[in-house]
Amino acid sequence: MHQWPTTEAEARAEQERLRAAADHGSPGPAVGEIATVAGVDVAYGDDGTLAAAAVVLDADSLAVLEESVHVGRTDFPYVPGLLAFRELPSVMAALEGLTRTPDLVVCDGYGRAHPRRAGLAVHLGVLTGIPCFGVAKTPFLFDHEPPGTARGSSSPLTMRDGSGTEEVGRALRTRDGVKPVFVSIGSGIGLDNACAHTLRLTPRYRQPETTRRADHLAGARLAALRPAPGTGG
DNA sequence: GCGACAG
DNA sequence: ATCTTGTCGC
């Protein structure tokens, strides 16, 4: 089992190791080349309680094939830039609870679009060895021109601090007239394919079905842990 | 050194 | 992430 950092210093060292190990070059699987796709997400309770969920979908029909939940705790606080160390141990546990290995993993948050090029999706991609990318909801650290209003329109994401003009991700409109999501690669897949998969996963809502399913599952499990007052818990 | 900055 | 009602729409 993996040894997880407990201090910020250890986390940064591990983050750099993972960044260096990431595959940022291969195009990875295209739409039509995968049979299954997994979504992961974490819901938090008051104390350190959390529920991490992994949901496997049929890549074609988007039907749910399998679900896995890990209930546990976190000691690692939310530190900007180090989100991965708060979420990953339990996410990995949830993934290990699956009976099949998905062909692709989609997570909340960023991958290569990160101050040190090592967001959540980079960590997850390297640690699982499965192609992985991230879909985030807010741009904060990045600059981008608004994409066209039609679903499928996109524009490049660049670092807001002006550290280069490299496209670290892409603002992608997944629904007509709805604010875009922000796609960035983790490891083992290219940005073009990541965006194509994201569009396949958004037939109806802004967020990918993978994320929506995992988010719902994690939230439901956490709620089940905290029965409503007077219900006898 | 301090602050901002996914979730 | 989480705190939270009603409301509009399919």
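Letters go in sequence order (proteins before strands), and every chain restarts at 1. Note that the structure is a prediction, hence the values are computed from the model and not measured.
When rounded to the nearest whole Å, the span between CZ of A:Phe85 and P of B:dA6 equals 17 Å. Note: NE2 (A:His114) to C1' (B:dA4) measures 13 Å, nearest angstrom. Note: CG (A:Leu141) to C1' (B:dG7) measures 12 Å, nearest angstrom. Regarding A:Leu157, its CG atom lies at a distance of 14 Å from the C1' atom of B:dC5, rounded to whole Å. Taking atom CD of residue A:Glu8 and atom P of nucleotide B:dA4, one finds them 15 Å apart after rounding to whole Å. Summarising the geometry, the separation between CG on A:Leu88 and P on B:dG7 is reported as 15 Å, rounded to the nearest angstrom. Computed from coordinates, the A:Arg212 CZ to B:dG7 P distance equals 16 Å when rounded to whole Å. Distance A:Gln207 CD to B:dA6 C1': 12 Å, rounded to the nearest Å.
Classification of A:Arg213 and A:Asp41 as a salt-bridged pair fails, no side-chain N sitting under 4.0 Å from a carboxylate O.
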For this session: Please assess A:Phe133 against A:Val106 for the test side chain to side chain contact (heavy atoms under 4.5 Å, CB included), listing each intermediate value before the final yes or no.
Result: CA-CA 5 Å; A:Phe133 67 90; A:Val106 181; 3.6 Å; yes

For this session: Output, in order, the C-alpha distance, side-chain angles, deciding distance and verdict of side chain to side chain contact (heavy atoms under 4.5 Å, CB included) for A:Thr174 and A:Gln207.
Result: CA-CA 8 Å; A:Thr174 54; A:Gln207 289 270 106; over 6 Å; no

For this session: Given side chain to side chain contact (heavy atoms under 4.5 Å, CB included), test A:Glu8 with A:Val79 step by step and report yes or no.
Result: CA-CA 9 Å; A:Glu8 281 194 33; A:Val79 179; 3.7 Å; yes

Exercise. Given the rule in the side chain to side chain contact (heavy atoms under 4.5 Å, CB included) test, do A:Val168 and A:Tyr110 qualify, once you have shown the distances and angles that lead to the verdict?
Worked result: CA-CA 10 Å; A:Val168 296; A:Tyr110 288 103; over 6 Å; no

Distances under 3.5 Å between protein N/O atoms and the N/O atoms of nucleotides 1-3 of chain C, please, pair by pair.
from	atom 1	to	atom 2	distance (Å)
C:dA1	OP2	A:Lys137	NZ	3.4
C:dT2	OP1	A:Tyr44	N	3.3
C:dT2	OP1	A:Tyr44	O	3.3

What nitrogen or oxygen pairs link the protein and nucleotides 7-10 of chain C at under 3.5 Å?
none

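Residue A:Thr202 is tested with A:His197, A:Glu209, A:Arg151 for a side chain to side chain donor-acceptor pair (under 3.5 Å); the sole match is A:Arg151.
For the atom pair A:Leu124 CG and A:Leu95 CG, the distance stands at 6.0 Å (nearest 0.5 Å). Put simply, CZ on A:Arg221 and NE2 on A:His216 are 12.0 Å apart, with the number rounded to the nearest 0.5 Å.
As judged by a 4.0 angstrom heavy-atom cut-off over every strand, A:Phe140 is placed among residues touching the sugar-phosphate backbone only. Within 4.0 Å (heavy atoms only), A:Leu82 reaches at least one base atom of the nucleic acid.
The phosphate of B:dC5 (OP1 or OP2) has no side-chain N or O of A:Thr138 nearer than 4.0 angstrom.
Remark: A:Ala196 engages A:Val31 in a side chain to side chain contact (heavy atoms under 4.5 Å, CB included) (not counting sequence neighbours).
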